[in-house]
Amino acid sequence: MTPLQAAMVMGEIAADGKCFQPHLVNRIVGPDGKVVKEFKPVLMHSLDVRPEVIRLVQEGLHDVSTFGTAASIFRDFPVQIAGKTGTAENPHGRDHGWFVAYGPFDNPTVVVAVVVEQGGYGAQSAVPIGREILEAAFGIEKPQPAKEQGKSGQ
């Protein structure tokens, strides 16, 4: 499975079983600030799965970021997300770590897929990268580290 395929599956779950054509940008803006082109969602197909089954999967994915393998990384994250960590066996070296997620949980607008080749467990290697991507996507500012006491501001 490629990262794009993983993102597509996660997007289908996030969109209640609807599969939309993937895209990287919402709009292209010219140097003058005017919108040159805007991209609208394109529905490709819908899953033939009962809504209550999809909702159960969504809740399970949400639990990954609140109680499961990604919970420690997302403990203080201000946006509720849903995700899945994983580790893919690699016969040529260390296992590959991966993480797929979407958010916000109740009104998804972003899907992310991260694969770290030979990164080991996905919860340790891919989830922190996924968090940074989601921070950027949602415009979340990282707290500035406190200045060391006793040092002058030279």
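Hydrogens, waters and symmetry mates are skipped; everything else that's a heavy atom, side chains included, is used.
The side-chain heavy atoms of Phe67 and His62, taken from C-beta on, include no pair separated by under 4.5 Å. The shortest side-chain heavy-atom distance between Val114 and Pro3 does not fall under the 4.5 Å cut-off. Residues Val79 and Leu134 form no side-chain contact, since every pair of their non-hydrogen atoms from C-beta on lies 4.5 Å or further apart. Here the side chains of Lys18 and Ser46 are in contact, with some heavy-atom distance below 4.5 Å. Proximity of Arg131 to Ile81: side-chain heavy atoms (C-beta onward) are nowhere separated by under 4.5 Å. Looking at heavy atoms from C-beta onward, Phe138 lies in side-chain contact with Val110 at the 4.5 angstrom threshold.
Distance NZ/Lys40 to CZ/Arg27: 8.0 Å, rounded to 0.5 Å. The distance from the OG1 atom of Thr85 to the OH atom of Tyr121 is 11.5 Å, given to the nearest 0.5 Å.
Heavy atoms only, all atoms of each residue included: Gly119 and Ser125 are closest at O-CB, 3.2 Å. When all heavy atoms of Thr109 and Pro104 are compared, the pair lying nearest together is OG1-CD, 3.6 Å. Of all heavy-atom pairs spanning Thr2 and Gln5, the tightest one is N-OE1, 2.8 Å. Taking each heavy atom of Trp98 and Lys84 in turn, the nearest pair found is CZ3-O, 3.7 Å. Considering all non-hydrogen atoms of both residues, Thr87 and Gly120 come closest at CG2-O, 3.9 Å. Residues Gly83 and Met10 share a closest heavy-atom pair of CA-CE, 3.7 Å.
Note: the hydrophobic cluster containing Val49 does not contain Met8 (ILVMFWY, side chain heavy atoms under 4.5 Å, direct or indirect links). Residues Met1 and Ile13 are members of one and the same hydrophobic cluster, defined by side-chain heavy-atom contacts under 4.5 angstrom among Ile, Leu, Val, Met, Phe, Trp and Tyr. Under the 4.5 Å side-chain heavy-atom criterion for grouping Ile, Leu, Val, Met, Phe, Trp and Tyr, Val100 is not connected to Ile129 through any hydrophobic cluster. Under the 4.5 Å side-chain heavy-atom criterion for ILVMFWY residues, a single connected hydrophobic cluster contains both Ile133 and Ile140. If you chain together hydrophobic residues whose side chains sit under 4.5 Å apart, Val64 and Phe105 never meet in one group.
In this structure, Asp48 places its CG atom where only 12 or fewer heavy-atom neighbours from other residues, nucleotides or ligands lie under 6.0 Å away.
For Phe39 and His23, the distance between ring centers is not under 6.0 angstrom.
Side chain to side chain, Gln118 and His92 fail the donor-acceptor criterion of an N or O pair below 3.5 Å.
Here the options are Asp16, Asp106, Asp63, the test is side-chain hydrogen bond (donor to acceptor under 3.5 Å, both in side chains), and the partner is Gln58; only Asp16 passes.
Judged by distance alone, with hydrogens and angles left aside, the side-chain atoms of Asp95 form a donor-acceptor pair with the main-chain N or O of Asn90 at under 3.5 Å.
Classification of the Phe74-Phe77 ring pair by plane angle, with boundaries at 30° and 60°, yields perpendicular.
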